[in-house]
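Report on the following structure.
Along the sequence shown, the residues carry numbers beginning at 1. What you are looking at is a predicted structure, and each value in this text was computed from that prediction instead of being measured.
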Amino acid sequence: MGGLVAEGEKRDLILSELERVLESKPFRTSNRSRLFLRYVVLHSINGQSEKLKERTIGIDVYQRVVDYATGDDPVVRVSASEVRKRLEQYYYTAPHDTPVRIEIPMGSYTPEYHWASLPIPVAESLSLAVPGVQETDSPDMEVTTPRRRRKSGLKLWSMLTGLLFAVGAMFTVAWVIEHRTSSSTQSVLYDFWAPALNSQHPILICLARPVVYRPKIDLYEKFSRMHPGTFTTEDQRDNQQLPLNPNEMIAWKDMEVYSGYGVAGGDVEAAVSISDLFTAMKKSHQLRIGNDYSFQDLRTSPSVIVGAFNNRWTLEMNSGLHFAFVWGVGIQEQGPSGRTWNFEGDPTQKNFVDYGLVTRLVNSKTGQFVVSVAGPSFGGTQTAGEFVSNSELLEQGLKSAPSDWRTKNFQLILKTNVIDGIPGPPHVVASYFW
């Protein structure tokens, strides 16, 4: 069921389930996913279907400008896809007696709610029996005297008053701790990015776009004539593989450069996380893809360079540093130990271990502040992007850092377990400060 939920009991159950989901392990470390799910569920149960459009979500949740180009900025589509994966992961381990399950169907941003058998109304499910006393309808049943009731009532009232006072004190202490922790955590996030935030220039978020080739239209039409109904639309040509005979010869003239494609999925996830952070901090930033930026641009503005082996500037900036990317090896430590980190398992199966490298250069080769987030596979790059844009992850990862880390260059290697294509919470396995 989707759309308006008028019944008060169902509404309460959905809201309770929403909070359980948001506090679960798959959602706890992804602020973008939490914001998206909370927004669509709340507007769904209020019957505000007009709010569940891509552009509206982009404006309301991710602070995009009113006329932003949804085709060029996939933040909502990426977030929805990520939320679907995280929901699948959550319900895989959730109790089977969950009263309602939340789902975001493909091709829609309107949640659907799948109900188990509805619970017994509260008034009927409460037992009024006192433990150890047998219930009876006998007219000879002993009745409590009014005086005894008053004493019990006074005792009960005293207990409730004490309990309320204790709970109030607990909430006050919790609020103070949370407030202090939140302020400290946000401070770490600001300090990490301070050199870029204090710059008068916009921050450049730089992604690679590898050259992509695909068959020309003639090959698709030839196949379609032999197999009617196939590859007749651009959507089919973009999203389905052309099953040519492996022994069939084709000429180079049958291929063409497909310039509109080629950005890696992990790079997009990382870039969206970082862009959301800068938007929340009200810091101007620009997305640069492929050949849309040069070394001169990097010399002019602070930058975030996303991606590993597909981005020449990542390889350039990390070259000669303590940790660097080496083709066929992964991440390699320079020096006698020569430790290496590479993905463990098969990334195409979406269940594997990956590593991310975060490089923060106060003094880089460009003369500007540079942060590089990258991994041997998509999981490492996505994790690195979330790490530098999530206050809690960043504070946890820098707990053992030297006290003057804010003025230093440093590199952190993160390890993450990718389950069903979703990187789990990372932890630092190696670091170097200078």
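- Ser33 places no side-chain N or O within 3.5 Å of a backbone atom of Ser30 that could act as its donor or acceptor partner.
- For Tyr213 and Tyr258, the ring centers are positioned 6.0 Å apart or more.
- The existence of a salt bridge linking Asp354 and Lys415 is excluded, since no basic side-chain nitrogen approaches an acidic carboxylate oxygen closer than 4.0 Å.
- Remark: the backbone N or O of Lys51 is paired with a side-chain donor or acceptor of Tyr39 at under 3.5 angstrom.
- Taking the six-membered ring for Trp and the full ring otherwise, the centers of Phe433 and Trp405 sit at least 6.0 Å from each other.
- Side-chain atoms of Asp267 and Asn310 include a donor-acceptor pair closer than 3.5 Å.
- Using a 4.0 Å cut-off between charged nitrogen and carboxylate oxygen, Arg64 and Asp276 count as a salt-bridge pair.
- Within a 6.0 Å sphere centred on CG of Asn198, heavy atoms belonging to other residues, nucleotides or ligands number more than 12.
- Only one option out of Val306, Val272, Val373 pairs with Ile205 in a side-chain contact (heavy atoms from CB on, under 4.5 Å); it is Val306.
- Distance alone, capped at 3.5 Å, is enough to place a donor-acceptor pair between the Thr381 side chain and the Gly375 backbone.
- Classified by interplanar angle (parallel below 30°, tilted 30° to 60°, perpendicular above 60°), the ring pair Trp313/Tyr293 is tilted.
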Any chance you could lay out the ring-ring contact (aromatic ring centres under 6.0 Å, His included) test for Phe231 and Phe223, step after step, and finish with the verdict?
-> CA-CA 8 Å; Phe231 299 105; Phe223 187 89; 5.7 Å; yes

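- Taking all atoms of both residues into account, the shortest heavy-atom contact from Ala430 to Arg339 is CB-NH2, 4.2 Å.
- Tyr113 and Ser44 form a side-chain donor-acceptor contact under 3.5 Å, judged by distance and modelled atom types alone.
- Shown here is Lys350, whose NZ atom has no more than 12 heavy atoms of other residues, nucleotides or ligands within 6.0 Å.
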Output, in order, the C-alpha distance, side-chain angles, deciding distance and verdict of side chain to side chain contact (heavy atoms under 4.5 Å, CB included) for Thr416 and Val353.
-> CA-CA 6 Å; Thr416 181; Val353 174; over 6 Å; no

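- One finds no salt bridge joining Glu82 and Lys85 here, because no Lys/Arg side-chain nitrogen approaches an Asp/Glu carboxylate oxygen to under 4.0 Å.
- Between Gly107 and Arg84 the shortest heavy-atom distance is N-NH2, 3.8 Å.
- In this structure, Gln368 contributes its side chain and Thr300 its backbone to a donor-acceptor pair below 3.5 Å.
- A cation-pi contact, defined as under 6.0 Å to the ring centre and within 45° of the axis, is absent between Arg406 and Phe192.
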